[in-house]
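Remember, it's 1-based here, ligands and their atoms both numbered in the order they're listed.
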Amino acid sequence: MDDCIFCKIVAGEIPSEKVLESENFIVVKDAFPKLNGHSLVISKKHYDSFLDMPSELYEELLKTSKEATLKIVKEVGAEGFNLVVNNGRVAGQIVPHVHWHILPRKKDDGFEFGV
Ligand code: AMP
Ligand code: ZN
């Protein structure tokens, strides 16, 4: 996708702070972090949302997310974390290229997350 900022990050055309990489995913720090260590698990191939991503990638997605979360939680000294995927504008998805947020949490961090 020519106009997609996450495709450009994957291609190295936009700078990013890489946390780690697997065969089909890249994990980078969010450029506008809502919390210390806020990172994004981005599929290397463009899929608009979670529902467009093939299920064959689920295991690698979870393994990559776990590995990145362990690294980030240790790095920032978090006590817990949220894994979040926004799907569709109405659900807060701004970038239409599937990605998971890793949100490291600390007691009294002031972050409001309602489910
Ligand atoms: P969402 O609202 O779920 O689509 O999340 C998109 C996320 O991408 C937001 O948290 C943004 O701060 C983040 N973001 C936007 N541009 C960049 C960029 N160039 N590099 C890294 N993260 C970005
Ligand atoms: Zn894309």
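Between Tyr58 and Phe50, the ring planes lie parallel to each other; the angle is under 30°, not in the 30° to 60° tilted range.
When hydrogens are left out, the protein atom nearest atom 10 (O) of ligand 1 is Asp30 OD2, 2.5 Å; that is the closest non-hydrogen contact. Protein heavy atom nearest atom 16 (N) of ligand 1, with residue, atom name and distance: Ile5 CD1, 3.4 Å.
Annotation for ligand 1: atoms under 4.0 Å from non-hydrogen atoms of Ile94 are 1 (P), 2 (O), 4 (O).
Residue contacts with ligand 1 for Phe6 involve side-chain atoms from C-beta outward but no N, CA, C or O (heavy atoms, distance under 4.0 Å). Only the side chain of Ile9 comes within 4.0 Å of ligand 1, counting heavy atoms alone; its backbone N, CA, C and O stay farther away. The proximity of Lys29 to ligand 1, defined as any non-hydrogen pair under 4.0 Å, is limited to the backbone.
In terms of polar-atom proximity, Leu40 is not counted as a contact of ligand 1, lacking any N or O under 3.5 Å from an N or O of the ligand. Of the polar atoms of Asn86, at least one N or O is found under 3.5 Å from an N or O of ligand 1, judged by distance alone. Of the N or O atoms in His101, one or more lie within a sub-3.5 Å distance of an N or O in ligand 1.
In this structure, Lys8 places its NZ atom where more than 12 heavy-atom neighbours from other residues, nucleotides or ligands lie under 6.0 Å away.
Taken from CE in Met53 to NE2 in His99, the straight-line distance is 13.0 Å, to the nearest 0.5 Å.
Nearest to the Zn ion (ligand 2), among the N, O or S atoms that His46 has, is ND1. Per residue His97, closest N, O or S atom to the Zn ion (ligand 2): atom name ND1.
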### Query
Do Val28 and Ile42 pass the side-chain contact (heavy atoms from CB on, under 4.5 Å) test, and can you show the C-alpha distance, the side-chain angles, and the key distance before you say yes or no?
CA-CA 8 Å; Val28 301; Ile42 300 172; 3.9 Å; yes

### Query
Given the rule in the side-chain contact (heavy atoms from CB on, under 4.5 Å) test, do Asn86 and His101 qualify, once you have shown the distances and angles that lead to the verdict?
CA-CA 9 Å; Asn86 301 323; His101 294 259; 3.6 Å; yes

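For Gly92, the closest heavy-atom approach to ligand 1 falls below 4.0 Å.
Side-chain contact of Glu60 with Asn24: a donor-acceptor pair under 3.5 Å is present, judged by distance alone.
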